[in-house]
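All values derive from a computational prediction rather than experimental measurement.
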Amino acid sequence: MPSGLIALLDDVATIAKLAASSLDDVAGAAGKASTKAAGVVIDDTAVTPRYVVGLAPERELPIIGKIAVGSLRNKLLILLPAALLLTAFAPFLIVPLLMIGGSYLAFEATEKIAELVLHDHHHEEELVDAMADPADLEAMQVKGAIRTDFILSAEIMAIALASLDHLSLATTAFALVVVALAITGGVYGLVALIVKLDDIGLHLAQRSNPASRRIGEALVHFVPKMLTALSLIGTGAMLWVGGGIILHGLEELHILEVVPHTLHDWSERAGEAVGLMGPVLEWFIYAVGSAIAGLIVGGIIVLAVRRFVKHPEELIVD
């Protein structure tokens, strides 16, 4: 499990406990959860902006709003009831289901890498075809974003749930609602800011103040490069998160434990060897190892899908 995500969700779980203990604490706890969402924002923020590519600027915020609503619906109407039911009747299924979700993230990221290496452009062709009808393009992008978000949302809710196992069913449900609202608001608020940075830059560039103009012109030139970089980071983040979920599941199920244990050992030894920068290097090595694990699992699935599935593109979210 990515250490940054674990640290984030430890904080979120603490906040959720505070929210469950007193109604007066709800607003403050939700605010703290939103501001501390940096770990999961790395994943969702890196992935989501690509879903507004090719769409009119005036539709960007409405589309982000639709994705946020879909994400919240995933959390509150599907994942929350499912998590409570699994906890009550089949807790042994939670880890395997999370591993399936992690494998899907790894598969999606690895398929994108395979397309780049093999010069397979069928997804770009689908995007171009959909651009002929803005409504179709918007619907396709929103659907893809919500489906990808579902996996990350499941991970958030499951880890938060694991930290609330001593609470009653009612207070646990209430705490998870607070977590869902806080995380969704924090993630998609930042996503909205990122996708509108170019418009902010254009507005500043048209002002008479020289300093404002320079900042605006810098933003106008920087934002396209940043969005391109985020697309690459998004693919890496899916490998990192997917691989981390798989490694955590292997530990929990006591299957091939040598793999996650060895990676833990390597990262800890490297961290101890460099002094003050140790925690950063330890996190980095484990994150890279998680991504490699995701790439291996994703590669196996990609090979199987391309070998046995007639239309593998139907399984890919874009």
Side-chain angles (χ1 to χ4, degrees), residues 1-2 5-6 9 39-40 43-44 47 70-71 73-114 143-163 165 176 179-180 183 234-260 263 286-287 289-318:
M1 185 68 56
L5 186 58
I6 290 176
L9 290 171
V40 74
D43 308 317
D44 266 354
V47 172
S71 174
R73 187 168 56 242
N74 282 341
K75 293 182 179 77
L76 297 182
L77 301 184
I78 301 175
L79 294 171
L80 174 58
L84 295 176
L85 287 172
L86 285 173
T87 300
F89 300 108
F92 59 89
L93 290 178
I94 293 177
V95 172
L97 288 173
L98 284 175
M99 292 180 72
I100 292 172
S103 299
Y104 179 80
L105 282 179
F107 161 62
E108 185 180 356
T110 306
E111 177 70 7
K112 294 180 186 302
I113 295 172
K143 181 181 178 182
I146 291 173
R147 288 176 62 186
T148 299
D149 174 271
F150 183 87
I151 305 300
L152 296 172
S153 294
E155 180 70 1
I156 291 169
M157 298 296 279
I159 296 178
L161 179 68
S163 299
D165 56 2
L176 289 177
V179 171
I183 292 295
T235 300
M238 285 190 287
L239 284 175
W240 164 40
V241 174
I245 294 171
I246 294 166
L247 291 177
H248 178 71
L250 292 177
E251 285 186 296
E252 289 290 320
L253 298 177
H254 306 292
I255 299 172
L256 295 176
E257 291 177 277
V258 64
V259 177
L263 183 55
Y286 195 84
S290 297
I292 293 172
L295 188 63
I296 292 171
V297 173
I300 293 171
I301 299 172
V302 166
L303 289 174
V305 167
R306 287 177 174 253
R307 174 67 178 83
F308 298 110
V309 178
K310 186 175 182 180
H311 299 290
E313 67 273 9
E314 294 178 359
L315 300 178
I316 307 299
V317 174
D318 253 337

What is the minimum heavy-atom distance between [X] and [Y], and which atoms define it?
X	Y	result
I146	G70	CD1-CA, 3.8 Å
V95	G249	CG1-CA, 3.6 Å
L250	E257	O-CG, 3.9 Å

Mind checking the [atom1]-[atom2] spacing from [X] to [Y]? Nearest 0.5 Å is all I need.
X	Y	atom1	atom2	value
I245	L97	CD1	CG	12.0 Å
T110	L105	OG1	CG	10.5 Å
I113	E108	CD1	CD	11.5 Å
I78	L80	CD1	CG	11.0 Å

Can you name the residues that form a side-chain contact (heavy atoms from CB on, under 4.5 Å) with [X], not counting sequence neighbours?
X	result
A109	T235, M238, L239
I292	V288, I296
A287	W240, W283

Residue pair S71 / D149, side-chain donor-acceptor N/O under 3.5 Å: yes

pair I301-Y104: side-chain heavy atoms closer than 4.5 Å: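 I301 does not reach Y104 side chain to side chain.
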
Beyond-backbone contact of L98 with E252, side-chain heavy atoms, under 4.5 angstrom: no

